[in-house]
*Asks:* 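I am attaching a structure below and will ask some questions about it afterwards.
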Amino acid sequence: MTFQEKSAWVMILALIISGGFYAASIYGAAIALQDIPPPNGIGMGVAVVIIVAVAIFGHAVAAIGNPADANAPEDERDRLVVWRSGNLSGALLGVLCILSIFAYAVVQHGHMMFHAIVFSLVISQLAEYALTIWYYRRGV
């Protein structure tokens, strides 16, 4: 397994943990308010700290396993994998954001649109890392 593939696994784990934390905090606030809660700056800050902490720890562990691979420059295959996965996840992000805007046009609730856009960003990044792993496994 290449370092880039290990990195993608680490980032999937980081996004699942931090996204789950943020979703749980929003869900708890929604239950308490009986409405869609406003953006939560503290919750977002904690989610970012979780992503950074898991990413630093996970990448350090992955690099210790094979330091030569961690410091190796990207080759043509790596650039192709990153380009393809980024291209598709970017298209997914665009579609999800447009759907969020359409949902806002129907519901007219700005807090819902904010959370939908954040959800779109997380889903798009998860898709990018999943596609990176898939492309490396396919041998692209």
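Being a predicted model, the structure only gives us computed values, none of them experimental. We're numbering straight along the sequence, starting at 1.
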*Asks:* Would a single hydrophobic cluster contain both Ile36 and Leu33, if residues Ile, Leu, Val, Met, Phe, Trp and Tyr are joined by side-chain heavy-atom contacts under 4.5 Å?
*Replies:*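 No: no chain of side-chain contacts under 4.5 Å links Leu33 to Ile36.
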
*Asks:* If you group Ile, Leu, Val, Met, Phe, Trp and Tyr by side-chain heavy-atom gaps below 4.5 Å, do Leu93 and Ile98 land in one group?
*Replies:*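 No; tracing contacts between hydrophobic side chains, which count when under 4.5 Å, never links both residues.
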
*Asks:* Arg79: which residues meet the salt bridge (Lys or Arg N to Asp or Glu O under 4.0 Å) condition with it, sequence neighbours left out?
*Replies:*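 Counting only residues at least two positions away or on another chain, Arg79 forms no salt bridge (Lys or Arg N to Asp or Glu O under 4.0 Å).
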
*Asks:* Using modelled atom types only, decide if a donor and an acceptor are shared between the side chain of Asp69 and the backbone of Thr2 within a distance under 3.5 Å.
*Replies:*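 Side chain of Asp69 to backbone of Thr2: no pair is present.
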
*Asks:* side-chain contact (heavy atoms from CB on, under 4.5 Å), that's the test. Do Asp78 and Tyr136 meet it? Break it down for me.
*Replies:* CA-CA 8 Å; Asp78 294 333; Tyr136 275 115; 2.5 Å; yes

*Asks:* Which donor-acceptor pairs under 3.5 Å do side chains of residues 5-20 form with protein atoms, sequence neighbours excluded?
*Replies:*
unit_1 : atom_1 : unit_2 : atom_2 : d
Glu5   : OE2    : Arg137 : NE     : 2.5
Glu5   : OE2    : Arg137 : NH2    : 3.0
Ser7   : OG     : His59  : NE2    : 2.6
Ser18  : OG     : Ala14  : O      : 3.0

*Asks:* Linking I/L/V/M/F/W/Y whenever any side-chain heavy atoms sit under 4.5 Å apart, do Ile51 and Val49 land together?
*Replies:*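 In one cluster: no.
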
*Asks:* Go through it in stages, so that I can follow the logic: the residues are Asn66 and Phe3, the test is side-chain contact (heavy atoms from CB on, under 4.5 Å), and I'd like the CA-CA distance, side-chain angles, deciding distance and then a yes or no.
*Replies:* CA-CA 8 Å; Asn66 191 356; Phe3 180 76; over 6 Å; no

*Asks:* Under the side-chain contact (heavy atoms from CB on, under 4.5 Å) rule, collect the residues that match up with Val52, sequence neighbours excluded.
*Replies:*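 side-chain contact (heavy atoms from CB on, under 4.5 Å) check on Val52 returns Val48, Ile56.
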
*Asks:* Apply side-chain contact (heavy atoms from CB on, under 4.5 Å) to residues Gln125 and Tyr129 and explain how you reach the verdict.
*Replies:* CA-CA 6 Å; Gln125 281 303 120; Tyr129 296 128; 3.3 Å; yes

*Asks:* To the nearest 0.5 angstrom, please state how far the CZ atom of Phe21 sits from the CD1 atom of Ile26.
*Replies:*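 Between Phe21 CZ and Ile26 CD1, I get 9.5 Å after rounding to 0.5 Å.
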
*Asks:* Any chance CD of Gln108 has more than 12 other-residue heavy atoms, nucleotides or ligands included, within less than 6.0 Å?
*Replies:*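 Yes, enclosed.
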
*Asks:* How long is the span from the CG atom in Leu121 to the SG atom in Cys97, to the nearest 0.5 Å?
*Replies:*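 Rounded to the nearest 0.5 Å, the CG-SG separation comes to 6.0 Å.
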
*Asks:* Under the side-chain contact (heavy atoms from CB on, under 4.5 Å) test, which residues partner Asn71, sequence neighbours left out?
*Replies:*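 By the side-chain contact (heavy atoms from CB on, under 4.5 Å) rule, Asn71 matches no residue at all.
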
*Asks:* Taking the side chain as every heavy atom from C-beta outward, state whether Tyr22 and His115 have any atom pair closer than 4.5 Å.
*Replies:*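 Counting from C-beta outward, Tyr22 and His115 do come under 4.5 Å.
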
*Asks:* When you look at CZ of Phe119, are more than 12 heavy atoms from neighbouring residues, nucleotides or ligands closer to it than 6.0 Å?
*Replies:*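 At most 12 heavy atoms, drawn from other residues, nucleotides or ligands, come within 6.0 Å of this atom.
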
*Asks:* Just to verify, what does Ser85 make a side-chain contact (heavy atoms from CB on, under 4.5 Å) with, not counting sequence neighbours?
*Replies:*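 Scan of Ser85 (side-chain contact (heavy atoms from CB on, under 4.5 Å), adjacent residues dropped) gives Glu128, Leu131, Thr132, Tyr135.
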
*Asks:* Nearest heavy-atom pair of Pro39 and His111: which atoms, and what distance?
*Replies:*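 So the two residues come closest at CD-ND1, 3.4 Å.
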
*Asks:* Tracing side-chain links under 4.5 Å among I, L, V, M, F, W and Y, which residues wind up in one group with Ile31?
*Replies:*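 Ile31 shares its hydrophobic cluster with Tyr27.
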
*Asks:* Run the numbers on Ile117 and Met113 for side-chain contact (heavy atoms from CB on, under 4.5 Å), then give the verdict.
*Replies:* CA-CA 6 Å; Ile117 296 287; Met113 186 170 110; 4.3 Å; yes

*Asks:* Are Val118 and Leu99 connected in the hydrophobic side-chain network, where two residues link if heavy atoms are under 4.5 Å apart?
*Replies:*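 No, separate clusters.
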
